[in-house]
Amino acid sequence: MSVSTLVANRLSRMKRGVPFSIESFYSLGTTTSVQKAMSRLTKEGKVARVAKGIYSRPKPLPSIPSIKITAKAEDVAQTWARNHKYKITPQGLEAAYRLGMQTQAPVKTVYWTTGPSREFHVGNETVQVKHTTETKLQWINKPEGTLFRGLLSLSPEHTPVSTLLMAIKRLNLQEKEAVKVIRKLSNSSALVMWKSKLNQLENSLQS
């Protein structure tokens, strides 16, 4: 079976609108043959190139089938980071907004990463990926990490304990879990300015 056929067969089994790296196809043949096959499929409209080395099967818009959606810019950024083994997570302001510590949504979609800074454009969507330190990216995919990044973007002087209690509620943490998270953050050198406010938060939870 030709490389072109192998590529087309695997592609047909992939979910539409979900970005993927061309590197995941390189096991089917030589790098050149896979790239040629993907290029031909792109010209035929069976796949779309959404970023360097990243493709997606177009997905018809349910309300208007004639319009095809390739992928979300955020998903492309995530695929890029995963492919290069970079850490990536929503920036601090986004974390603060999701936890209710900030009422205004960020104007731009920004992610922090251990990789290089860059932008991803897909249709009308733009996602900025900004390089930052490993410290800001600790505890990824954990509640303490989300709260940690939210606190980094805010001022303890202008953040009442009631707002922090709301954030804890949105994290769906039980009291014991919340206390563990708060104490962990209190010991973080990056949150020295928050230590007093975090102590107040702990006392409020246990009162």
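All figures in this text were calculated on a predicted structure; none of them were measured in a lab.
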Hey, are the side chains of [X] and [Y] touching, using non-hydrogen atoms and a 4.5 Å cut-off?
X      : Y      : result
Lys195 : Ser188 : no
Lys87  : Thr113 : no
Leu151 : Leu164 : yes
Glu23  : Val34  : no
Gln35  : Thr30  : no
Asp75  : Val18  : no
Ser186 : Asn199 : yes
Thr126 : Glu119 : yes

Can you tell me if [X] uses its side chain to pair, donor with acceptor, with the backbone of [Y] under 3.5 Å?
X      : Y      : answer
Arg149 : Gly145 : yes
Thr159 : Ser155 : yes
His131 : Thr114 : yes

Check whether Trp112 forms a cation-pi arrangement with Lys136 (NZ or CZ under 6.0 Å from the six-membered ring centre, at most 45° off the ring normal).
yes
Is [Y] reachable from [X] through a run of hydrophobic residues whose side-chain heavy atoms are each under 4.5 Å from the next?
X      : Y      : answer
Val3   : Val47  : yes
Val7   : Tyr26  : yes
Val192 : Trp194 : no
Ile69  : Leu11  : no

Could you report the tightest heavy-atom contact between [X] and [Y], atom names first, then the distance?
X      : Y      : result
Ala190 : Leu152 : O-CD2, 4.0 Å
Thr42  : Arg49  : CG2-N, 4.4 Å
Arg57  : Met14  : NH1-O, 2.7 Å
Pro58  : Gly45  : CG-O, 3.9 Å
Leu147 : Ile168 : CD2-CD1, 4.0 Å
Pro156 : Lys197 : O-NZ, 2.6 Å

Kindly check if the number of other-residue, nucleotide or ligand heavy atoms within 6.0 Å of CG (Asn141) is above 12?
no
For atom CD of Gln174, decide whether the heavy atoms of other residues, nucleotides or ligands shown that lie under 6.0 angstrom number more than 12.
no
For Ser12, which residues count as a side-chain hydrogen bond (donor to acceptor under 3.5 Å, both in side chains) partner, sequence neighbours excluded?
none
Any carboxylate oxygen within less than 4.0 angstrom of a Lys/Arg side-chain nitrogen, looking at Lys180 and Glu144?
no
Considering only NZ, NE, NH1 and NH2 on the basic side and carboxylate oxygens on the acidic side, decide whether Glu74 and Lys72 come within less than 4.0 Å.
no
[atom1]-[atom2] distance between [X] and [Y], expressed to the nearest 0.5 angstrom:
X      : Y      : atom1 : atom2 : answer
Leu185 : Leu191 : CG    : CG    : 6.0 Å
Thr133 : Gln138 : OG1   : CD    : 8.5 Å
Gln206 : Leu201 : CD    : CG    : 10.0 Å
Tyr55  : Ser24  : OH    : OG    : 11.0 Å
Glu177 : Asn172 : CD    : CG    : 9.5 Å
Ile182 : Leu198 : CD1   : CG    : 7.0 Å

ring-ring contact (aromatic ring centres under 6.0 Å, His included) involving Phe25 - partner list, sequence neighbours excluded
Phe20
With Trp139 via ring-ring contact (aromatic ring centres under 6.0 Å, His included) - residues at least two apart
Phe148
Which Ile, Leu, Val, Met, Phe, Trp or Tyr residues join Val76 in one cluster when any pair of side-chain heavy atoms under 4.5 Å counts as a link?
Val50, Ile54, Trp80, Tyr86, Ile88, Tyr111, Phe120, Val122, Val127, Val129
Joining Ile, Leu, Val, Met, Phe, Trp and Tyr whenever any side-chain heavy atoms lie under 4.5 Å apart, the cluster holding Val179 also takes in none
Throw together a table of side-chain donor-acceptor distances under 3.5 angstrom for residues 90-102, partners on residues two or more places apart or in other chains.
from, atom 1, to, atom 2, distance (Å)
Glu94, OE2, Arg98, NE, 2.8
Gln102, NE2, Gln104, O, 2.9

Verdict with supporting geometry, Lys184 and Asn187, side-chain contact (heavy atoms from CB on, under 4.5 Å):
CA-CA 5 Å; Lys184 184 181 290 187; Asn187 291 325; 5.9 Å; no
Check against side-chain contact (heavy atoms from CB on, under 4.5 Å), Arg10 and Ser27
CA-CA 11 Å; Arg10 178 178 291 185; Ser27 61; 3.9 Å; yes
